[in-house]
Amino acid sequence: MSILDIRGLTVQFPSRKDVFTASRNVNLSVDAGKILGVVGESGAGKSTVGNATIGLLEHPGRIAEGEIHLDGQRIDNLDPESMRKLRGKRIGMIFQDPLTSLDPLQTIEFQLVETIRLHLPLSKEEARARAVDLLDQVGIPNPQERISQYPHQFSGGMRQRVVIALALCADPEVVIADEPTTALDVSIQAQILKLMKRLCEEKNVAMVVITHDMGVIADLTDHVAVMYRGDLVEYGESKQVLGAPKHPYTRA
Ligand SMILES: Nc1ncnc2c1ncn2[C@@H]1O[C@H](COP(=O)(O)OP(=O)(O)OP(=O)(O)O)[C@@H](O)[C@H]1O
Ligand SMILES: [Mg+2]
C-alpha cells in the first residue's frame with residue numbers, strides 16, 4: 001500500500017480579483033522505500049503540492065478539493081496543532097537552502113537534540129547519541145567533534161547532509177525534499193543524491209523529490225510526475241516516462 005496518497009488535490013490562491021489554481025486535480029502516490037520525482041518548469045505547482053502535503057501552504061493558499069492520506073490516515077483536514085506534531089515526526093522536510101532548516105545561532109547538537117526530543121521520548125544523552133549516529137549515517141566525518149559546531153563551520157554540501165539528518169531524526173515515513181541540491185555545486189549534487197537514495201532504501205522511507213532538473217529525475221527517482229501549469233501531465237515509472245515522453249515539456 002502507498003504510504004503517501006494524494007487524491008484529486010486542487011490548491012487555489014484567491015486574490016482580490018480572481019482565484020488562481022496552482023494545482024488542479026493532482027493524483028500521486030509513493031510507496032515505502034521509493035522515490036517520486038515531481039518535475040516541471042517554474043510556477044508549475046511543484047512546491048504547492050509539497051507544501052500542501054506538509055500543511056504549510058503560503059497564505060492565502062488553500063486546498064479547494066482533494067484529500068491527502070498518510071499511511072491510510074487522512075491528514076489534509078487535521079487541526080493545525082496535530083499537523084504541527086506530525087511535521088518532523090512522520091513527515092520530514094528538506095529544502096533548497098540549508099539555512100531555512102538550520103538556525104545559524106545554534107550548534108548542530110542543539111538543533112538535532114532539540115528536534116529529536118520534541119518527537120521522541122529520549123533523554124538528552126540518548127538524543128545526543130542518536131544525533132551523532134545520524135551525522136555518521138549521512139557521511140559527516142568525526143561526528144563526535146563536529147556536532148558541537150555551528151552551521152557556518154560546515155561547507156554547503158555538509159550543511160545539506162545535516163539537514164538530511166534533521167529530516168530523518170524521528171524516523172519519518174515520508175520525506176519531502178524541495179530542490180534539495182539546487183543550491184549546491186554541481187560536483188556535490190551527485191553525492192547528496194546518492195546519499196538520499198541510499199537512506200531512502202535503508203530506512204524504507206517514501207520520498208518526494210521536487211526538482212526542475214531532469215538529470216535528478218533520471219539518477220534518483222523510481223516514478224516521476226510531470227507538472228505543467230498546475231496540471232499533472234505525465235505520471236509513471238521514470239524509465240518509461242523519460243524513455244517515451246508524451247508531453248512537449250517532458251520531451252524538451
Ligand atoms: N503565496 C502565494 N500567493 C499567491 N500565489 C502563489 C503563492 N505561492 C504560489 N503561488 C502561485 O502558484 C504558482 C505555483 O507556484 P509553485 O511555488 O508551486 O511553483 P513551482 O513549480 O514550485 O515553481 P519553482 O520551480 O519556481 O519553485 C505560482 O506561479 C504562483 O502563481
Ligand atoms: Mg518550487
Side-chain angles (χ1 to χ4, degrees), residues 1-11 21-54 65-72 76 91-96 164 167-168 172-182 184 186 189-252:
M1 199 190 70
S2 296
I3 292 295
L4 179 66
D5 195 8
I6 298 174
R7 302 180 193 161
L9 181 69
T10 297
V11 173
T21 301
S23 89
R24 199 175 293 103
N25 189 26
V26 168
N27 293 289
L28 296 173
S29 61
V30 200
D31 292 350
K34 299 287 181 193
I35 304 183
L36 168 72
V38 180
V39 71
E41 60 187 23
S42 188
K46 307 181 297 292
S47 297
T48 296
V49 170
N51 293 343
T53 304
I54 57 179
E65 262 175 278
E67 296 183 4
I68 300 170
H69 294 247
L70 176 63
D71 202 8
D76 59 277
I91 306 183
M93 297 159 286
I94 302 169
F95 296 108
Q96 174 173 343
I164 293 171
L168 293 173
E173 293 140 86
V174 173
V175 168
I176 311 268
D178 195 341
E179 306 274 6
T181 59
T182 307
L184 302 175
V186 177
Q189 287 182 3
Q191 297 171 18
I192 297 292
L193 294 175
K194 214 168 133 191
L195 171 70
M196 288 173 61
K197 198 172 176 75
R198 174 169 68 75
L199 291 169
C200 170
E201 283 165 14
E202 278 178 14
K203 296 184 177 289
N204 209 31
V205 177
M207 268 196 200
V208 178
V209 176
I210 295 166
T211 179
H212 57 264
D213 185 342
M214 282 291 181
V216 171
I217 297 296
D219 290 346
L220 184 69
T221 64
D222 301 289
H223 291 84
V224 62
V226 182
M227 290 190 70
Y228 186 77
R229 298 188 180 174
D231 290 316
L232 185 62
V233 293
E234 273 194 85
Y235 182 37
E237 280 183 33
S238 306
K239 276 198 195 99
Q240 243 152 2
V241 171
L242 294 181
K246 293 193 180 69
H247 193 268
Y249 169 79
T250 326
R251 244 180 269 150

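FYI, side chains are in, hydrogens and waters are out, and symmetry mates aren't considered; it's all heavy atoms of this structure. Keep in mind that this is a model prediction, so the values were computed, not measured.
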**Q** Please determine whether a side-chain nitrogen of the Lys or Arg among Arg7 and Asp5 lies less than 4.0 Å from a carboxylate oxygen of the Asp or Glu.
**A**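 The answer is yes: the pair qualifies as a salt bridge.
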**Q** Determine whether the side chains of Ser2 and Asp31 contain a donor N or O and an acceptor N or O closer than 3.5 Å.
**A**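 Ser2 vs Asp31: donor-acceptor pair found between side chains.
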**Q** Could you check whether Thr250 and Glu234, counting side-chain N and O atoms only, form a donor-acceptor pair closer than 3.5 Å?
**A**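 Note: Glu234 and Thr250 side chains meet the donor-acceptor criterion.
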**Q** Between Ile91 and Val175, is there a side-chain heavy-atom distance shorter than 4.5 Å?
**A**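 Val175 does not reach Ile91 side chain to side chain.
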**Q** Any side-chain heavy-atom pair from Met207 and Val30 closer than 4.5 angstrom?
**A**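 Side chain of Met207 against side chain of Val30, heavy atoms only: no contact under 4.5 Å found.
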**Q** Less than 4.5 Å apart, side chain to side chain, heavy atoms only: is that true for Leu199 and Val205?
**A**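 No. Closest side-chain heavy atoms not under 4.5 Å.
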**Q** Under 4.5 Å between any side-chain heavy atoms of Met93 and Ile54, yes or no?
**A**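 Of all side-chain heavy-atom pairs linking Ile54 with Met93, at least one is under 4.5 Å.
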**Q** Regarding Ser47 and Asp178, do their side chains bring together a donor and an acceptor under 3.5 Å, going by distance alone?
**A**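 Yes - a donor-acceptor pair under 3.5 Å links their side chains.
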**Q** Do Asp222 and Lys239 have side-chain heavy atoms sitting under 4.5 Å apart?
**A**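 The answer is no; the side chains never approach within 4.5 Å.
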**Q** Do Met227 and Val49 make a side-chain contact, defined as non-hydrogen atoms from C-beta onward lying under 4.5 Å apart?
**A**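 Side-chain contact under 4.5 Å: yes.
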**Q** Any side-chain heavy atom of Tyr249 sitting closer than 4.5 Å to one from Glu41?
**A**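 Contact flag for Tyr249/Glu41 side chains = yes.
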**Q** So Thr53 and Leu4, do their side chains get closer than 4.5 Å, heavy atoms only?
**A**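 Yes, side chains in contact.
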